[in-house]
Amino acid sequence: MKEAEIGLIGLGTMGAALALNIADNGFDIAVWNRTTARTREFHAGAGELAPRIIPTESLKELVESIKQPRAIILMVPAGDAVDEQIAALRPLLGPQDLIIDAGNANFRDTNRRASEAAGPFLGIGVSGGETGARYGPSIMGGGDKEHWDRVYPVLSAISAKYEGAPCATWMGEAGAGHFVKAVHNGIEYADMQMIAEIYGIMRDGMGMTASAIGEVFDRWNNGVLQSYLIEISGKVAGTVDAATGKPLLDVIVDAAGQKGTGRWTVIEAQHLGTPVPAIDAAVTARNLSSRREERATGQALFGAGSGALAQGTLDMANLENALIAGKIMCYAQGFSMIAAASDQFGWALPLPEIAKVWREGCIIRSAMLNDMASALEDEPTRNLLFAPSFAEQVKAAQEDLRLTVIESARAGLAAPALSSSLAWFDTMRRARGTANMIQGQRDFFGLHGFARLDTGATGQHGPWAE
Ligand code: 6PG
């Protein structure tokens, strides 16, 4: 009987695409799904790849179809389903057999699973949506390096390539891969939100049609902003609804879904003490977007603001630069969070390699990431904002970000991710901030003590108790 190189459990959208990718790269793969009908349907639809796919109808059959030591990818929904699947699978495996959780797990779950595991275990973040999974995702690995090395030939073969280099990188022990994937998703949320804010300014502030906005995004995709998210935003804006003949964007409900990865990133950032305000604003904006009735009540009560920008206040170059500055700031926040986690969790997260693994295949792939990789290679611990090439770009673009935030606020158009990034920037470039007032207040009501600027003495108190 033919033995597969690798196994895969879970033939949902991502699992099916990943299985076809593996087969397409010349590896025999055994697959199993909770419902046998789905396994059969998948195999029947695999076309010329079907001979490389071994459909199995029980976990035992799956395990017996894979060559030893085995490697089995789990592509099941994050959460309890992963624990249940591991519990069902592990007793059937030998001591060297490897389980790979390739879903969007919370890295704390992956840490726990790695420490509880009765055998080899990897947690890998896979980005790129269905198309990425099928034709080349970006893969962020976590777990023991020796186990990663064992499956690297398969993972690197199926991954996206940036100028020939595989976008599959080991990030560190235990949950390191899923942690990096969560930050990726946080940045994804912020990038999407900033694009949506700029879209809103064009739509409500400038009265532009969806197709005209789509053309602007298409144009920007040939410049500094070149990225997958700008590219698809252009396509989304340019699409016409077959049923109504209207721009499809105009008939899509303005309430964003989310599965939780952005929220995890924000929560972890707070634990780590490295704020990611652009990501925080993006998660908040998604939550508020769901409150449609409440927003309608707000509009009836307060009006929606003028909405329109005064003629000539903002042009497309202002908006493009605002997005460039906002994007750099958001990535700087994300990388600084990764650096903090690396220290705190005892990982040696490879910042330049993270920028590199995101250059192709993943949702946040963009031209800028190659420059970020170079900047981080120069000095991995420096805030990306201060890297000379990015500092220059921010110097050139920050006034346009400021103008965009000011004019959108004046017109009553919410731009939370752009404006919070601007506030972050203004905080990060002012040596003397205002927390002396906070310290004075804390000492006044709680004798918490403050440090003096002049003498450097700490634990000082004001005369307020008298
Ligand atoms: C990726 C994406 C993906 C994510 C979806 C939906 O990198 O391929 O991040 O993993 O799950 O895009 O995420 P939300 O439902 O939270 O928007």
Side-chain angles (χ1 to χ4, degrees), residues 10 12-18 20-21 73-79 81-82 100-107 109-110 123-142 155 158-160 162 167-169 171 175 177-196 227-233 235-236 252-269 276 278-290 330-331 334 337-338 354-366 369 417:
T13 310
M14 292 293 283
L18 210 58
L20 292 175
N21 185 358
I73 296 174
L74 303 187
M75 255 309 189
V76 299
V82 176
I100 305 165
D101 176 15
N104 261 335
N106 184 316
F107 85 99
D109 285 337
T110 306
I124 66 171
V126 177
S127 176
E130 183 184 4
T131 309
R134 174 65 184 87
Y135 297 104
S138 166
I139 301 177
M140 295 143 259
L155 297 179
I158 64 166
S159 74
Y162 180 84
C167 293
T169 304
M171 299 296 165
H178 278 139
F179 176 83
V180 173
K181 176 63 177 26
V183 179
H184 165 284
N185 280 30
I187 294 173
E188 170 185 310
Y189 276 46
D191 213 337
M192 292 165 76
Q193 174 64 24
M194 288 185 190
I195 294 171
S227 62
Y228 174 71
L229 284 170
I230 287 286
E231 179 193 335
I232 64 166
S233 302
K235 289 183 176 154
V236 168
I252 298 179
V253 172
D254 54 330
Q258 57 181 314
K259 296 201 191 71
T261 45
R263 184 170 60 236
W264 297 341
T265 308
V266 172
I267 292 169
E268 290 305 331
V276 286
I279 302 174
D280 187 75
V283 175
T284 302
R286 284 202 193 190
N287 290 334
L288 291 176
S289 77
S290 313
C330 151
Y331 278 69
M337 175 179 175
I338 292 173
I354 293 171
K356 285 185 192 165
V357 86
W358 290 346
R359 288 180 303 188
E360 258 313 329
C362 68
I363 302 293
I364 64 170
R365 61 187 183 263
S366 76
L369 274 162

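Fair warning: this is a prediction, and the values are worked out from it, not measured in the lab. Counting starts at 1 for both ligands and their atoms, in listed order. Atoms considered below: every heavy atom in the structure, side chains included; atoms not considered: hydrogens, waters and symmetry mates.
No donor-acceptor distance shorter than 3.5 angstrom exists from the side chain of Ser138 to the backbone of Ser127, with no hydrogens or angles considered. The main-chain N or O of Val266 is never found under 3.5 Å from a side-chain atom of Asp280 such that the two would form a donor-acceptor pair. In this structure, the side chain of Arg286 does not engage the main chain of Val283 through any donor-acceptor pair within 3.5 Å. Counting only distance, with no hydrogens or angles, the side chain of Thr13 and the backbone of Glu130 share no donor-acceptor pair below 3.5 Å. With Arg263 contributing its side chain and Gly260 its backbone, the two residues share no donor-acceptor pair below 3.5 Å.
The atoms of ligand 1 that sit less than 4.0 Å from any heavy atom of Asn185 are 4 (C), 7 (O), 9 (O), 10 (O). Those atoms of ligand 1 with a heavy atom of His184 less than 4.0 angstrom away are 7 (O). Every atom of ligand 1 is numbered from 1 in the order shown, and the set under 4.0 Å from a heavy atom of Gly129 is 8 (O). Listed by atom number, the atoms of ligand 1 under 4.0 Å from Ile363 heavy atoms are 1 (C), 2 (C), 7 (O), 8 (O).
Between Gly128 and ligand 1, at least one pair of N/O atoms sits closer than 3.5 Å.
The nearest heavy-atom contact from the protein to atom 16 (O) of ligand 1 is Tyr189 OH, 2.5 Å. Atom 11 (O) of ligand 1 has Asn104 ND2, 3.0 Å as its closest protein atom, hydrogens excluded (heavy atom only). At the top of the distance list for atom 2 (C) of ligand 1, counting protein heavy atoms only, stands Glu188 OE1, 3.3 Å. Lys259 NZ, 3.6 Å is the protein heavy atom nearest to atom 6 (C) of ligand 1. Of all protein heavy atoms, the one closest to atom 7 (O) of ligand 1 is Ser127 OG, 2.4 Å.
For the side chain to side chain contact (heavy atoms under 4.5 Å, CB included) test with Leu155, the passing option among Ile139, Val126, Thr169 is Ile139; the others fail. Test Asn104, Ile363, Ile279, Ile364 against Asn185 for side chain to side chain contact (heavy atoms under 4.5 Å, CB included) and you get one pass: Asn104.
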Margin query: Run the side chain to side chain contact (heavy atoms under 4.5 Å, CB included) test on Phe179 and Met140 for me, step by step, so that the C-alpha distance in whole Å, both residues' side-chain angles and the decisive distance to 0.1 Å come before the verdict.
Written below: CA-CA 9 Å; Phe179 176 83; Met140 295 143 259; over 6 Å; no
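The nearest non-hydrogen atom to atom 17 (O) of ligand 1, considering only Met14, Arg286, Arg365, comes from Arg286.
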